[in-house]
Amino acid sequence: MNARSIAASRGRWRGALAAVALMLAANAGAQQAPAATPEAAPKAPVLVDAAQQPGYATQSNAERQRVQPGNNAPVWRQVGQGVEGTVNFPYREYGVLIQPTVSYPGAATTNAGEAWRQVRNRVIIPYGGSLVLIALLAVAIFYFTKGPLKLHAPPTGRRIERFTPLERAAHWANAAAFVVLAVSGLVMAFGQYILRPIIGATLFGWLTYALKNLHNFVGPLFVVSLLIVIVTFVRDNLPRREDWAWLVRFGGLLGDQEVPSHRFNAGEKVVFWLGVFVLGLVVVGSGLVLDKLLPGIEYLRAQMQVAHMIHASAALVMIALFIGHIYMGTVGTEGAYAAMKTGYVDETWAREHHALWYQDIQAGKIPAQRSASAEGSPSPARA
């Protein structure tokens, strides 16, 4: 090793030892330095909560901009409360972006649109659909266990006029309108759960669109025919003391003999007053609101939503009630359908199903032929 190499090696060792010495000195100085006092530590900035300021909740949007620029909470708070804004459209409710908060039975306390949706989907659809299914199931059980009500004695061939041509025309017009409205209404309410998975969204959309328009146009026919039916049959549906015996024994439907009744028994009177009069008028009134046919009413969203809830609820109860009526008037009672089709019943039918009405005819209190006899019409019974 020459002298130059030895000198370079010594220089490297001296540099390394110097670096180690500096590190040790710095470490010792850090351990001996006094700890910083709290007064010497930098202070965090104090943040002012604008929400704690007086009048924060009632600030206008201009006032809020001075406190928190860019915060439009006052505007959106008013929108959520249903406050109406200013728009350039003629229909003033266009300025209401979100309806006010309401509390409907069966729905959470929320804005009116969401509350209506909850009532429809959580109450009307499931419970109304269940009611209709229960009515259909009850009719099926009664038919397969009890069977149709048949005459115990053979027909006599002598006829009694039960319904005049005017009564039958009013009944059939109202019945046809009711069937169209019921079917179209059920499809619109339950079709998306039953029909749409089967026929597809496109066909279901066209079907419901057509049924909706049919529903709206047939509605006025139902209104007129319903009023005629009420006026035509109200007299013979007035309550009488004999109706109580029929109700107590449920008309004798569970036995072998029917309870004597006048032209209409208590069950038919319940259908008339509850189904035709009460529910019918409720459905008609709410339907006219939905069709916007009643004058003097401001058709806003809230009114239309309430009208829809009333209309759908009353209609489903009415459908369930009339399922039993349709059953008894067709396959449930022998000769009932022929009575409404031709207007006449056999003397045996009148005696077995409406004994008190038949007795009044025999006593001459009620004519056996109430309309003018036409050529070829069945001969009426003679007292």
Side-chain angles (χ1 to χ4, degrees), residues 82-84 87 89-107 111-121 123-125 128 169-190 208-234 237 271-322:
V83 176
E84 183 179 338
V87 295
F89 295 98
Y91 187 49
R92 72 174 184 85
E93 202 184 17
Y94 284 159
V96 179
L97 297 181
I98 300 177
Q99 291 181 262
T101 300
V102 296
S103 180
Y104 293 146
N111 66 78
E114 173 62 17
W116 164 78
R117 188 191 70 84
Q118 292 181 8
V119 172
R120 180 189 183 277
N121 295 343
V123 179
I124 298 177
I125 294 298
H171 176 273
W172 283 117
N174 188 248
F178 173 80
V179 171
V180 172
L181 294 174
V183 172
S184 57
L186 290 174
V187 170
M188 288 187 287
F190 304 99
T208 52
Y209 178 78
L211 289 178
K212 173 185 176 296
N213 286 279
L214 183 63
H215 193 94
N216 292 338
F217 281 104
V218 173
L221 172 61
F222 179 78
V223 174
V224 175
S225 61
L226 181 74
L227 296 177
I228 296 176
V229 165
I230 292 175
V231 173
T232 302
F233 293 103
V234 65
N237 278 282
V271 171
F272 177 84
W273 289 109
L274 178 59
V276 176
F277 188 81
V278 176
L279 293 176
L281 293 181
V282 170
V283 168
V284 164
S286 56
L288 292 176
V289 172
L290 293 174
D291 278 343
K292 299 182 180 181
L293 295 178
L294 293 180
I297 296 179
E298 194 171 18
Y299 295 104
L300 303 179
R301 280 177 288 179
Q303 285 83 338
M304 301 297 278
Q305 289 159 356
V306 173
H308 172 268
M309 291 186 288
I310 295 174
H311 186 79
S313 301
L316 287 170
V317 176
M318 190 177 183
I319 290 172
L321 184 64
F322 273 86

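A315 meets the side-chain contact (heavy atoms from CB on, under 4.5 Å) test with V283; sequence neighbours excluded. Contacts of F222 classified as side-chain contact (heavy atoms from CB on, under 4.5 Å), with partners at least two apart in sequence or in another chain: N174, A177, F178, L181, L226, V284, M318. Remark: F272 engages no residue in a ring-ring contact (aromatic ring centres under 6.0 Å, His included) (not counting sequence neighbours). Residues passing the side-chain contact (heavy atoms from CB on, under 4.5 Å) test with Y209, sequence neighbours excluded: N213. Every side chain to side chain donor-acceptor pair (under 3.5 Å) that S184 has, sequence neighbours left out, goes to H215. For A173, the side-chain contact (heavy atoms from CB on, under 4.5 Å) test picks out S225, with sequence neighbours left out.
Annotation for F190: atom CZ counts as buried by contact number, over 12 foreign heavy atoms lying within 6.0 Å.
Between P105 and V119 the shortest heavy-atom distance is O-CG2, 3.5 Å. Of all the heavy atoms in L316 and G128, the pair that sits closest is CD1-CA, 3.6 Å. A pairwise comparison of heavy atoms in V282 and A314 identifies CG1-CB, 3.8 Å as the closest pair. Between A312 and I124, the shortest heavy-atom distance links the atoms CB-CG2, 3.8 Å. Nearest approach of V102 to A115, heavy atoms of both residues: CG2-CB, 3.8 Å.
The structure places CD1 of I319 at 4.0 Å from CG of L186, a figure rounded to the nearest 0.5 Å. Here the NZ atom belonging to K292 is positioned 11.0 Å from the CG atom belonging to N216, to the nearest 0.5 angstrom.
Among residues at least two apart or in separate chains, side chain to side chain donor-acceptor pair (under 3.5 Å) pairs with a member in residues 303-313 are Q99-Q305, W116-H308, S286-H311. Residue pairs meeting the ring pair (Phe, Tyr, Trp, His ring centres under 6.0 Å) criterion with at least one member in residues 288-307, sequence neighbours excluded, do not occur.
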Open item on the list: Could you walk me through whether L227 and L281 satisfy the side chain to side chain contact (heavy atoms under 4.5 Å, CB included) test, starting with their C-alpha distance in whole Å, then the side-chain angles of each, then the deciding distance to 0.1 Å, before giving a yes or no?
Closed with: CA-CA 9 Å; L227 296 177; L281 293 181; 4.3 Å; yes
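Residues W273 and V234 have side chains in contact (heavy-atom distance under 4.5 Å, counting atoms from C-beta outward). At a threshold of 4.5 Å between non-hydrogen side-chain atoms, the residues F322 and V179 do not count as touching.
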